[in-house]
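One structure is given here, and the rest of the page talks about it.
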Amino acid sequence: MREGGGGRAAGRAVSAGCPVPGASGGGRLFTRGRFVTPDAGVTGGWLLVRDGLIHSLGTSGPPDVPDEVVELGGRLVVPGFVDPHCHGGAGHSLYTGDPAAVRGAAAGHLARGTTTMLASVATVEPPAMEAAVRAVASVVDDGSAPNLVGIHFEGPFLSPARRGAQTRSALRAPDPELLARLLAAAGGHARSLTVAPELPGAPELIRRYADELVCCLGHTDADAEQFARAADLGARAVTHLFNAMPPLHHREPGPVAAALLDPRLVCELVLDGHHLADDTVRLAHRIAGPDRLMLVSDAMPAAGMPDGEYAFADREVTVTGGVATLRGTATLAGSTLFVAEAFRRAVSTVGLPLADAVRMTSGTAARLLGLRDRGELSPGLRADLVELDTALRPARVWLGGVAVG
């Protein structure tokens, strides 16, 4: 049985109420905060953490003073951000095969409020992909990047016509044997796969792995019928909707319309002001709603770094004004975004309701990945919290109730 997009992901979920490894055992009371909860919206009051989990929330009469009191001074508190699509950050790539780089990138995103993330391994030659996957898996296994929970394969089964910044020579037709090798290298930590559904062999691959992986449709030249067929076979998400796919056309609605109208599909949006126009985001929100939209970073190593020239794996990228492009071209090469900034832009620039932006940066992705122990501020769930300043930027981050940094 699938829940939110993947039988295996759902099966590996940590049940709400389980202690968080390494979390503080004593109680910690957060007072005078404004908490965004799924039922009540923004509520002023207090939140009590015990054993790394949210124990209770209230508006008056807090419980007896526990081991520690954290005075929030009226700050807004949202659940930790969940990013299912990230390639790097803070000067580090997640897919060069270097465990130290994996840790560095994950730490850069954690410091900015991303308390749960997948390492997205882009399309490079198969031996390099396998080495990258093994490096990520080793970091997940040793727990040295506590916000890193698994691996997303962005390819190599993608459309050459819509490859974007993916390496053309590394693209492959859907190949169960190659995917089996990648999954073996992942050591049980693979959670999602982006595939172009129109490629020969793609429908069979989606059918075969839909209960093991969250199958995402992207970097595709598919039409609407091919998208619908992929959803019938078990696909559950769309990689960076609108980008690397045919645009919406009034006589050929294509994958964009199919994705927005199909209630089975959850859609990524890269909300950095460059990948999508603000009205495009508003349109997607009005049609699909916050429970079917995820704001992802699609970040490359220059996230959090100054403009300049960058080289990582087999990519050479120029960053100008925060926009990353393949060197010498206008092709976007990921973003320099953190999910925290996507959240801020969603509220302050696009004008989405605060509660919707919270779901789009936490709850929707957690549900898709089968992570039932996080994604909202509710009793029994992980105390992954982000305090926001008056400009809606992260002021302090808490992972399992413990301050980060």
Exercise. Can a salt bridge be assigned to the pair Arg103 and Asp142 using a cut-off of 4.0 Å between side-chain N and carboxylate O?
Worked result: yes
For residues 247-258, dump all side-chain donor-acceptor pairs below 3.5 Å to protein atoms at least two apart in sequence or in another chain.
unit_1: His249; atom_1: ND1; unit_2: Arg251; atom_2: N; d: 3.0
unit_1: His249; atom_1: ND1; unit_2: Glu252; atom_2: N; d: 3.4

For this session: Check for a donor-acceptor pair, side chain of Asp307 on one end and backbone N or O of Gly322 on the other, with a separation under 3.5 Å.
Result: yes
Exercise. Under 3.5 Å, is there a donor-acceptor pair between the side chain of Arg344 and the main chain of Ala391?
Worked result: no
Exercise. Is the backbone of Ala165 close enough, under 3.5 Å, to the side chain of Arg315 for a donor and an acceptor to pair up by distance?
Worked result: yes
Exercise. Do the side chain of Asp373 and the main chain of Leu381 share a donor and acceptor less than 3.5 angstrom apart?
Worked result: no
Exercise. Does the Thr318 side chain pair with the main chain of Thr325, one donor and one acceptor, at a distance under 3.5 Å?
Worked result: no
Exercise. Within the distance-only criterion (no hydrogens, no angle test), does the side chain of Arg327 pair as donor or acceptor with the backbone N or O of Ala311 below 3.5 angstrom?
Worked result: no
Problem set entry | Student check: side-chain heavy atoms of Leu371 and Arg382 closer than 4.5 Å | no
Seminar exercise, completed: Residue pairs passing the side-chain hydrogen bond (donor to acceptor under 3.5 Å, both in side chains) test with at least one member in residues 254-269, sequence neighbours excluded, are His85-Glu268, Asp232-Arg264, Asp262-Arg264
Exercise. With distance as the sole test, does Asp272 use its side chain to make a donor-acceptor pair with the main-chain N or O of His274 at under 3.5 Å?
Worked result: yes
Exercise. Given side chains that start at C-beta, do those of Phe312 and His87 come closer than 4.5 Å, heavy atoms only?
Worked result: no
Just distance, no hydrogens or angles: give the donor-acceptor pairs under 3.5 Å from side chains in residues 110-118, sequence neighbours left out.
unit_1: Arg112; atom_1: NH1; unit_2: Gly108; atom_2: O; d: 2.9
unit_1: Thr116; atom_1: OG1; unit_2: Arg374; atom_2: NH1; d: 2.9

Exercise. Any donor-acceptor pair under 3.5 Å linking the side chain of Arg172 with the backbone of Ser169?
Worked result: yes
Problem set entry | Side-chain donor or acceptor of Thr329 paired with backbone N/O of Leu326 under 3.5 Å | yes
For this session: Check for a donor-acceptor pair, side chain of Thr364 on one end and backbone N or O of Arg359 on the other, with a separation under 3.5 Å.
Result: yes
